[in-house]
Amino acid sequence: DRTRIDRYDPAAIEPRWQARWAELRLHETDLHDEGREKFYLLTMYPYPSGDLHIGHWYIITPSDAIARFQRMHGRNVFFPIGFDAFGLPAENAAIKNQIHPWQWTFRNIDHMRAQLRTMGATFSWPNEVVTADPDYYRWNQWIFLRFLEAGLAYRATATVDWCPNDGTLAREQVEGADRHCWRCGALVEKRDLDQWFLRITKYADELLDFSGIDWPEPIRVMQTNWIGRSDGAEVVFTTAPDDVQPGGDELRVFTTRPDTLYGATFMVLAPEHPLVGRLTHPERQAEVDAYIARAERETEIERLSTEREKTGVFTGSYAVNPVNDERIQIWVADYVLAGYGTGAIMAVPAHDERDFAFARRFGLPVRRVIAPKEQAGELDDGSSMTEAYVSKSQDDVLVNSRLFDGLPAPSAFGAIVDRLAAEDRGKAAVTYRLRDWLISRQRYWGTPFPVVYCERDGIVPVPDDQLPVRLPETVDYEGRGENPLRHDHAFLDTTCPRCGLPARRETDTMDTFIDSSWYWYRYLSPHKPDGPVDGALEARWCPVDQYTGGAEHAVMHLLYSRFFTKALNDIGVVHEREPFKRLFNQGQVLGADGERMSKSRGNVQDPDELIARYGADTVRLFLMFMGPWDQGGPWSPTGIGGVHRFLNRVWTLVLDPRGVEAGDPEAGRLPAGETPEAAARALRSAAHSTLRVVTDEYGGFRFNTMVAHLMELANLLYHYRGTDVAGGEAWDEAVRLLLLMLAPSAPHIAEELWARRLAARGEAWHSIHTESWPAVDAAAIEEEAREVPVQVNGKLRDRLLVPPDIAPAELERLALGREKIQAALAGHELVRVVVAGGGRLVNVVVR
RNA sequence: GCCGAAGUGGCGGAACGGCAGACGCGGCCGACUUAAACUCGGCUGCCCGCGAGGGCGUCAGGGUUCGAAUCCCUGCUUCGGCACCA
């Protein structure tokens with residue numbers, strides 16, 4: 001009789017419990033409580049775009065389940081949240097709708113706070129951080145000044161990536177072969193500008209070291225590749241004298257293959273190389289100038305793929321190879337990059353694909369200097385080669401390399417470097433792909449740089465006691481779309497803190513990735529007035545025990561954060577050198593079309609409708625049940641009804657154990673031959689073995705199978721609903737465990753049913769979320785009999801029901817005695833019998 | 001091109017080298033209902049067979065093993081990252 005109990009109505013239950021939890025301050029962490037083990041759980045804070053979409057739920061709700069699970073294990077869990085509130089969308093909205101970025105941002109934050117509460121997530125709200133708040137960004141400024149003092153921040157003129165919409169970009173913010181802006185997709189240009197940089201390259205080697213942190217392999221690989229350490233040598237060539245210039249200029253190149261030095265048949269300089277002008281012969285001047293002009297234009301318009309045919313021009317000059325004094329031509333070509341290595345290469349066409357293509361195109365010589373040992377004597381000098389030989393086989397030896405001939409290539413590497421070093425014509429060298437982090441942005445909505453430009457004193461830092469340098473409250477975009485600070489004289493005009501003469505403020509603001517590079521430290525003391533980080537709390541709570549967030553930040557936020565931690569450690573602000581002990585990358589929920597969710601594509605899934613229809617618990621559980629958390633995938637609500645049905649069944653099981661469904665002819669009766677005692681044992685066994693696996697699955701973030709196992713237990717309970725065991729002791733224990741296991745994931749329904757259960761038993765109320773995680777009773781899981789599959793040649797033929805402690809020999813005898821096995825054996829020769837895994841399976845091998 | 005991850009029913013997905021397809025969706029059948037919805041029960045990888053049962057099955061092809069979705073090799077496909085990095 002289903003009318004006996006009230007319906008499961010999440011809309012009634014969920015807000016009530018959320019209010020109660022807030023009232024009880026159940027999730028506000030006492031950071032000073034030293035009685036319990038700490039657990040700092042961090043999830044990437046959202047950008048306040050206006051609406052929470054299903055992707056936010058996908059990141060946050062399983063993280064919340066982790067927080068609740070850890071609390072049930074007695075840990076003092078710190079699970080803060082905040083808003084990454086600076087950034088371009090606010091400014092774009094401001095320009096478009098004539099609304100101040102402040103208003104836009106803080107209105108969105110208000111809305112999102114309310115949405116976040118509907119999740120039932122247990123954030124420690126008093127620790128909230130909003131990066132656009134002067135209380136936050138003043139510490140960006142403070143940290144910047146300390147970096148400046150420590151030489152970790154500097155201003156330099158450099159060729160930088162420039163987006164026509166967003167201005168300068170960090171190297172990491174330029175994507176794809178066509179080099180487009182990560183944010184707006186516009187093609188990125190090159191510009192020579194005076195900008196602020198952070199010296200991340202100082203930490204390149206340390207950033208390659210992941211020992212001591214438990215991060216996913218793909219992220220480690222991506223960061224490693226991004227940093228791109230190359231071990232090789234710097235080799236000093238000199239320019240050869242001729243009738244135009246005296247020669248003797250040093251031309252340094254970086255190579256990873258010093259063992260191929262005798263194969264260098266020409267040199268190539270990047271078009272931007274400083275010596276190009278000096279080395280260009282008058283009769284080639286026009287051609288070289290034209291080439292450089294074209295190269296500049298081309299990098300601005302588009303950089304085509306590696307398939308593009310190589311281009312270049314001869315300068316007319318020659319260089320001298322330091323090992324054999326050979327004169328080789330110096331060319332200019334855009335396949336050599338100004339910003340990597342020394343901006344110049346020695347070309348070894350025989351052993352480099354790019355050099356080979358270039359040599360063939362321009363008829364330059366190819367000389368083989370590496371060959372497989374067994375062919376070393378037979379091969380020609382390389383002129384007939386049809387492709388570069390780039391293999392780095394251990395069996396390669398040097399040829400055509402004079403006294404190094406016959407030496408294995410790996411040892412020649414060292415031998416040649418040694419000789420160069422001895423003659424002061426080169427040395428071992430390391431080069432990285434990683435560049436210093438360009439942090440200047442030509443934008444209003446970001447942290448102002450705390451520096452002024454004084455006519456007399458130059459760049460002058462703003463003294464600490466004058467921080468924060470605030471963004472002006474009113475902004476006038478004048479319809480231009482460019483940084484309004486440039487025209488805001490109230491902001492712009494100031495006096496030099498050093499000499500008092502008129503000075504001008506820096507109008508660029510900091511990359512917003514600065515904000516996210518240390519926000520987890522500020523969570524610990526968001527209102528601390530005299531410093532960015534509370535050292536005592538930081539020492540106790542950091543590093544973060546578990547970080548959850550998307551992999552799309554692999555070489556941006558996740559790399560910058562590691563750099564910041566090391567740099568903050570160096571300036572004495574924090575105690576450790578790695579911020580996040582353990583990282584988990586959940587997958588991304590894509591739109592129904594399989595594309596990344598975005599407003600412009602119109603494929604954003606709004607969860608509010610689902611919450612209204614099914615409740616937060618169902619949505620939470622469904623997102624966990626969809627598939628492995630690290631996988632993500634296209635959004636489809638198909639199947640959410642099944643999860644909702646499951647929660648309804650749990651509701652019924654707890655509130656109406658003795659009810660009998662009309663639809664099942666067997667309802668209310670135990671299966672023929674099953675005693676109530678056996679049924680009770682089966683229930684206990686199922687409950688405790690479920691507890692065992694579910695505990696493990698929570699720990700490993702395998703939420704999809706965790707939910708499946710809870711469903712299985714509920715299905716079994718349903719099976720016994722209305723029978724003599726329903727409502728009994730074993731039943732009650734199973735229900736209790738089910739609710740406890742459900743509590744981290746579906747916190748509202750678990751709390752509601754827990755409260756009703758306590759009331760029914762006449763016990764005083766206490767929250768299920770303050771309960772301890774239950775312990776497995778191993779004795780309950782022990783079974784009386786066990787099913788053993790019997791295979792013939794690996795194919796399942798029969799099953800045996802045997803006592804759990806049966807001897808292997810006995811198992812073998814029983815298996816061979818079975819009719820089906822005998823039948824399968826007929827006409828075959830018995831080879832042997834394998835009893836595998838301590839009696840878990842029998843395999844009869846026949847011929 | 002290089003690096004990384006992954007290919008399992010109609011679908012999402014399970015499976016310490018040991019019973020492939022748990023759990024859920026969808027579908028079919030049935031019960032309840034005047035009826036429908038809800039709910040409940042049963043069946044549901046493909047092929048042959050009334051059935052008992054048998055055959056085939058984890059991207060393709062090889063290999064290792066008593067035994068392979070799982071390990072190894074080759075290839076194909078999809079997704080993510082990098083983009084002439086010397």
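Just so it is clear, the structure is predicted and the values come from calculations on it, not from any experiment. Protein chains get the first letters and strands the later ones, always in sequence-line order, with residue 1 at the start of each.
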Ring geometry between A/Phe584 and A/Trp629 (parallel below 30°, tilted from 30 to 60°, perpendicular above 60°):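 Parallel.
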N-O pairing of A/Asp9 and A/Arg7 below 4.0 Å: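 No.
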Base, sugar-phosphate, or nothing for [X], non-hydrogen atoms under 4.0 angstrom?
| X | result |
| --- | --- |
| A/Arg649 | sugar-phosphate |
| A/Val268 | nothing |
| A/Val845 | sugar-phosphate |
| A/Ser230 | sugar-phosphate |
| A/Arg229 | nothing |
| A/Asn843 | base |

According to the Watson-Crick and G-U wobble definitions, with both distances under 3.5 Å, which nucleotide is paired to [N]?
| N | value |
| --- | --- |
| B/rA15 | none |
| B/rC82 | B/rG1 |
| B/rG51 | none |
| B/rG67 | none |
| B/rU77 | B/rA6 |
| B/rC56 | B/rG45 |
| B/rG30 | B/rC40 |

Of all the choices, [options], which nucleotide is nearest to the side chain of [X] once you look at every atom?
| X | options | result |
| --- | --- | --- |
| A/Arg433 | B/rA14, B/rA83, B/rC84 | B/rA83 |
| A/Asp334 | B/rC40, B/rC84, B/rA14 | B/rC84 |
| A/Val221 | B/rC3, B/rC23, B/rA14 | B/rC3 |
| A/Met711 | B/rA86, B/rA20, B/rC23 | B/rC23 |
| A/Tyr718 | B/rA83, B/rC40, B/rC84 | B/rC40 |
| A/Leu337 | B/rA83, B/rC84, B/rA22 | B/rC84 |
| A/Arg797 | B/rG54, B/rG13, B/rA86 | B/rG54 |
| A/Gln791 | B/rG18, B/rC84, B/rA86 | B/rG18 |
| A/Arg645 | B/rG12, B/rA83, B/rC25 | B/rC25 |
| A/Arg832 | B/rC66, B/rC40, B/rA14 | B/rC66 |

Rounded off to whole Å, could you give me the [atom1]-to-[atom2] distance for the [X] and [N] pair?
| X | N | atom1 | atom2 | value |
| --- | --- | --- | --- | --- |
| A/Glu819 | B/rA52 | CD | C1' | 12 Å |
| A/Leu623 | B/rC25 | CG | C1' | 16 Å |
| A/His719 | B/rU39 | NE2 | P | 20 Å |
| A/Phe703 | B/rG12 | CZ | P | 22 Å |
| A/Leu590 | B/rG12 | CG | P | 13 Å |
| A/Phe356 | B/rA86 | CZ | P | 20 Å |
| A/Glu812 | B/rG18 | CD | C1' | 17 Å |
| A/Tyr432 | B/rA86 | OH | C1' | 17 Å |

Check whether more than 12 heavy atoms from other residues, nucleotides or ligands sit under 6.0 Å from atom [atom1] of [X], and answer yes or no.
| X | atom1 | result |
| --- | --- | --- |
| A/His719 | NE2 | no |
| A/Arg613 | CZ | no |
| A/Arg692 | CZ | no |

N-glycosidic conformation, B/rG9 - syn within 90 degrees of 0, else anti: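 In terms of base orientation relative to the sugar, B/rG9 is syn.
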Got a list of protein N/O to nucleotides 43-48 of chain B N/O distances below 3.5 Å?
none

Axial cation check for A/Trp226 ring with A/Arg433, 6.0 Å and 45° limits: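 Yes, A/Arg433 lies over the aromatic ring of A/Trp226.
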Within the 6.0 Å centroid threshold, strictly below: A/Phe625 and A/Phe646: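 No, too far apart.
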Distance, [atom1] atom - from [M] to [N], rounded to whole angstrom:
| N | M | atom1 | answer |
| --- | --- | --- | --- |
| B/rC2 | B/rC11 | C1' | 35 Å |
| B/rC76 | B/rG12 | C1' | 25 Å |
| B/rG75 | B/rG10 | C1' | 29 Å |
| B/rA36 | B/rG30 | P | 12 Å |
| B/rA68 | B/rU8 | C1' | 14 Å |
| B/rG51 | B/rA69 | P | 28 Å |
| B/rC29 | B/rC23 | C1' | 22 Å |
| B/rG45 | B/rA52 | P | 14 Å |

Residue whose closest nucleotide on RNA chain B lies nearer the 5' end, A/Glu172 versus A/Met626: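 Nearest nucleotide further toward 5': that of A/Met626.
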Which residue lies more 5' along RNA chain B, comparing A/Asp355 with A/Glu697 via nearest heavy atoms: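 By nearest-heavy-atom nucleotide position, the 5'-most residue is A/Glu697.
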Option from A/Gln173, A/Lys190, A/Arg171 for which side chain to side chain donor-acceptor pair (under 3.5 Å) with A/Asp161 holds: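 Exactly one candidate clears the test, A/Lys190.
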No-hydrogen, no-angle side-chain donor-acceptor test under 3.5 Å, A/Glu674 and A/Tyr720: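 A donor-acceptor contact under 3.5 Å links the two side chains.
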Distance test, side-chain N/O of A/Gln631 to OP1/OP2 of B/rA6, below 4.0 Å: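 Negative; the distance criterion is not met.
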Under-4.0 Å side-chain N/O to phosphate OP1/OP2 contact, A/Tyr335 with B/rA86: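 Checking B/rA86 against A/Tyr335, no side-chain N or O comes under 4.0 Å of OP1 or OP2.
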Under 3.5 Å: donor-acceptor pair, side chain of A/Arg361, backbone of A/Lys310: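 Yes, A/Arg361 side chain to A/Lys310 backbone: donor-acceptor pair under 3.5 Å.
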A/Asp352 CG to A/Met346 CE distance, which is reported to the nearest 0.5 Å: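 Output value for this atom pair is 9.5 Å.
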Non-hydrogen side-chain atoms of A/Trp651 and A/Ile749 separated by less than 4.5 Å: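 Yes, their side chains come closer than 4.5 Å.
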